[in-house]
Amino acid sequence: MRCMVKLVVSTALFVMGVPMALSTDTPGNPLVFGNNRLTVITPTLVRLEYAFDGKFIDEPTLFAYDRNSRLDVDSITLTSLDDDWFEITTPALRMMFHNDGYPFSTSNFIVYYKHNGKEKKFTNRFVTRNNLGGPIETLDRVTSEIPMNEGLLSRDGWYIIDDERSDLLVDGWLQPRDTKSHVQDQYCFIYGNDYKAALASLGAISGHVPMTRKYIHGIWYCRYWDYTSAEFLDIIRGYDEHDFPLDNIVFDMGWHTNDASIGTGHNGNLNWTGYTWNRDLIPDPKALLDSCHALGVTVSLNDHPHDGIRPHEEQYNAFVEALGHEEKQPPLFDLSDRDYMENFFRFAHRPHEEIGVDFWWLDWQQNYLYPRVRGFESSSLLWLNELYYRDSQNNGKRGAGYSRWGGWGDHRHPIQFSGDAQSNWEILAFEVKLTACSGQGGCYYWAHDIGGFRGDPNPELTARWTQFGALSAALRVHSTKDKRLDRRPWIAGEKETDAMRKMYHLRSQLMPYIYSSVWETHNTMVPLNRSMFIDYGQFEESYSNPQQFTFGDLLLAAPITSPGEGENFTSSQVVWFPDNELWFDFFTHECQEGGAKKEVTKDLEQFPLFVKGGWILPMQPYTARPASEPLNTLVMRVYPTQSDVCNTFTLYEDDGMTLDYLEGHYVTTDLTYRQNGKKACVSVHPAKGSYDGMVKSRGYRLQLPTVKDGTKVLINGRPGRSSFDNELKCLIVEVDELPVEQRVDIEYVI
């Protein structure tokens, strides 16, 4: 909606003796009133500034990263009223400002907005009381639920981010802000009930969460253990031999040597910083990396950079020579020094990347250990994540972050890792709630220590944790250096192994849906794992069921977080089903009508997972390398709904690795489900776009769990073949391989 610009100025206006720069043709954006400046960034996001000298901040910060984003002036109306009062409107807000020469406050600034169907009032001095939660920095040493930090979303319908002390980014580097003259810099998110508008506004000012490398959303193995080259390769082969998929393997601290004064060896990792390969364990690093890649697995190295490059490192002499450092004392790791950091990456990272290291795990650099960059206001972790992410974008690759959460703005450096959590049922339950709420505060992608980092072994708990991990940003196991703790899924008991194998296979099969949902998150800033109230906030029940979440648009999950009973470890979870929808159990296909609340009981091999009826859920056949296997066969599962619909889900594909997607090099395929009475049609529309390596043709496999065996189907108007799969308990329709530019229509009777 576009509003006509309206400006009424009866006389020349002066503020502090200075004529106001207002035009009768357009109100402008930002609006300047002497020492006050108001910028309308989106219809529901307003920036408020006050500067004693009238010199405002136009440089970005680590939070306010995109200074080019602002609302079209045609959508803003400015009206001059009596006594220096002004009315400013956007498509969502009506603001009253008294031009009294003072900073924005309750005495001169009021915003009116719609909330629960009524007009509400907001000022920038209000105190938030009904915040819906956001991410915490880390779960290190946490043993049960703790309070979450605040996120953007509040039942009050607004939130303020104060950026007035943040360092500026000038020529890509931190620069202190003049906080004496520039005393107010607030971002007022005023969205009422429109939570998705708030998230979109975060993207507008702080930048959109980038597309990740596809393998980041795959299946990881990680353990704090000093493995040899042969043992690493045995782990990968073990996944294959025991029918478990794998995409990434992480080398923890044992990959590198320690300071000579401390010693080396399997148990000598007292010094966690290191950049020289431990050749006692890994005699030929390149050969090992080549072997991992030959098996289709990527490799990450653990990195604790706080101590910098020390004299015992192979690259030390070249490093200090490049720095021009002549003192006997080694140079300290210095995040504030551009020259130091550029040479650090050049010597600490680049040689390893050149022989095949894919990305780095930035570990144990939390803000409670190192709270500030020396000489600046910025947090060490946020700035470190920024620098690491930038450096990982070399040779045209997308960035790859893997670190703890650094605060507002850190969503641009995915993926985050939640830290060394205790292995118990309470933490599993808390992770479900925390993950669903974290996207509201900008932490879009958590990788958890599936099974817990430390604690007593509990295969049942690990199996249930794996079910949650199958519907997280990454299915990543990890544990501390304890010989009892190894998260390789086939070394548990037989029941637990079988249960986990089903979840690993589920993760593999869901990859097309997951990656398409990641694309949706990139575009809309709506989280992958999201609290129920983001989609269903009109229902009061959406606020009182933190044990469940939606995973993308089509899946509803309520992981079991309590121990089971009997030989099959049977346990239950309460599930609330949003109204006006039909929900189908992914495993049994049982239908649940919306508007109900039910205790769902499952043995160890299943958990409450439901698919929204009336849509096409895109999947793929099981593959051992789900994040890299070409989508040669598109599997589509479809459940009906209770009324006539025409719904479209967009399948997204790209090369999974480069920044070419930013130039439009990707493919989208619309998948439409139409239901009219008892007649249904599944349509695969012609693919749009292209990218290097795209699949040129593919087959299709339609899964129809609620359709009877023997039902006739038409494929592009001709009789098609179908069969009944007794294991899946559904009708299967096969379509032979066709060019992706060719439309496919599959018609049948419900």
Side-chain angles (χ1 to χ4, degrees), residues 221-236 248-293 297-323 325 327-335 340-341 343-365 369-370 384 388 391-392 402-403 420 478-483 486:
Y221 179 79
C222 182
R223 187 189 183 199
Y224 179 17
W225 199 259
D226 297 338
Y227 288 114
T228 66
S229 295
E231 289 168 336
F232 275 123
L233 295 176
D234 282 345
I235 291 169
I236 298 174
N248 305 305
I249 191 166
V250 181
F251 296 2
D252 210 313
M253 289 180 285
W255 76 268
H256 62 75
T257 61
N258 303 302
D259 191 305
S261 64
I262 297 176
T264 60
H266 281 52
N267 297 303
N269 285 318
L270 300 178
N271 172 21
W272 292 349
T273 301
Y275 299 100
T276 302
W277 287 90
N278 185 340
R279 286 178 172 78
D280 292 339
L281 300 174
I282 303 171
D284 190 340
K286 186 178 186 304
L288 173 58
L289 294 168
D290 288 345
S291 296
C292 292
H293 291 153
V297 174
T298 57
V299 176
S300 172
L301 298 188
N302 180 278
D303 186 6
H304 291 73
H306 181 260
D307 292 334
I309 300 177
R310 292 186 172 195
H312 74 283
E313 304 285 8
E314 292 176 343
Q315 59 273 72
Y316 178 77
N317 290 335
F319 170 65
V320 293
E321 182 178 352
L323 280 180
H325 182 83
E327 300 175 18
K328 292 183 179 180
Q329 182 69 23
L332 296 177
F333 185 70
D334 191 352
L335 281 171
Y340 180 96
M341 291 307 301
N343 280 288
F344 169 80
F345 288 123
R346 175 186 171 192
F347 290 100
H349 283 192
R350 204 69 70 238
H352 306 299
E353 294 165 356
E354 289 172 354
I355 64 171
V357 170
D358 294 288
F359 63 111
W360 296 84
W361 169 17
L362 180 59
D363 193 10
W364 200 245
Q365 308 298 301
L369 296 173
Y370 321 112
L384 196 55
Y388 266 60
D391 189 69
S392 67
Y402 173 26
S403 176
D420 302 341
H478 185 47
S479 56
T480 189
K481 187 179 279 188
D482 183 334
K483 64 181 180 181
D486 186 343

query = Between H256 and W272, does the ring centroid distance fall short of 6.0 Å?
reply = no
Side-chain heavy atoms of [X] within contact of [Y], under 4.5 Å:
X    : Y    : value
V250 : Y221 : no
D391 : R350 : yes
E354 : H352 : no
P305 : Y275 : yes
I235 : Y227 : yes
W277 : P351 : no

key: Between W225 and E231: side-chain donor-acceptor atoms closer than 3.5 Å   = no
ask   = Is it the case that Y402 and N248 place a side-chain donor and acceptor less than 3.5 Å from each other?
value = no
message = Treating D358 as the side-chain partner and V299 as the backbone partner, does any N or O pair qualify as donor plus acceptor under 3.5 Å?
response = yes
key: Check: T273 side chain, H304 main-chain N or O, donor-acceptor pair, under 3.5 Å   = yes
Pair R223-D486, salt bridge (charged side-chain N to carboxylate O under 4.0 Å, His left out): steps then yes or no = CA-CA 7 Å; R223 187 189 183 199; D486 186 343; 3.4 Å; yes
CA sep, side-chain torsions, deciding dist, call: H349, D303, side chain to side chain donor-acceptor pair (under 3.5 Å) = CA-CA 10 Å; H349 283 192; D303 186 6; 2.8 Å; yes
message = Once rounded to the nearest 0.5 Å, what's the spacing between atom CZ of F359 and atom OG of S392?
response = 10.5 Å
query = Should the pair Y340 and F344 be assigned to parallel (<30°), tilted (30 to 60°) or perpendicular (>60°) ring geometry?
reply = parallel
inquiry  = Quick one, E314 with T276, criterion side chain to side chain donor-acceptor pair (under 3.5 Å). Give me CA distance, side-chain angles, the key distance, then yes/no.
reply    = CA-CA 6 Å; E314 292 176 343; T276 302; 4.6 Å; no
ask   = Which atom pair, heavy atoms only, marks the closest approach of P331 to L323?
value = CG-CD1, 4.0 Å
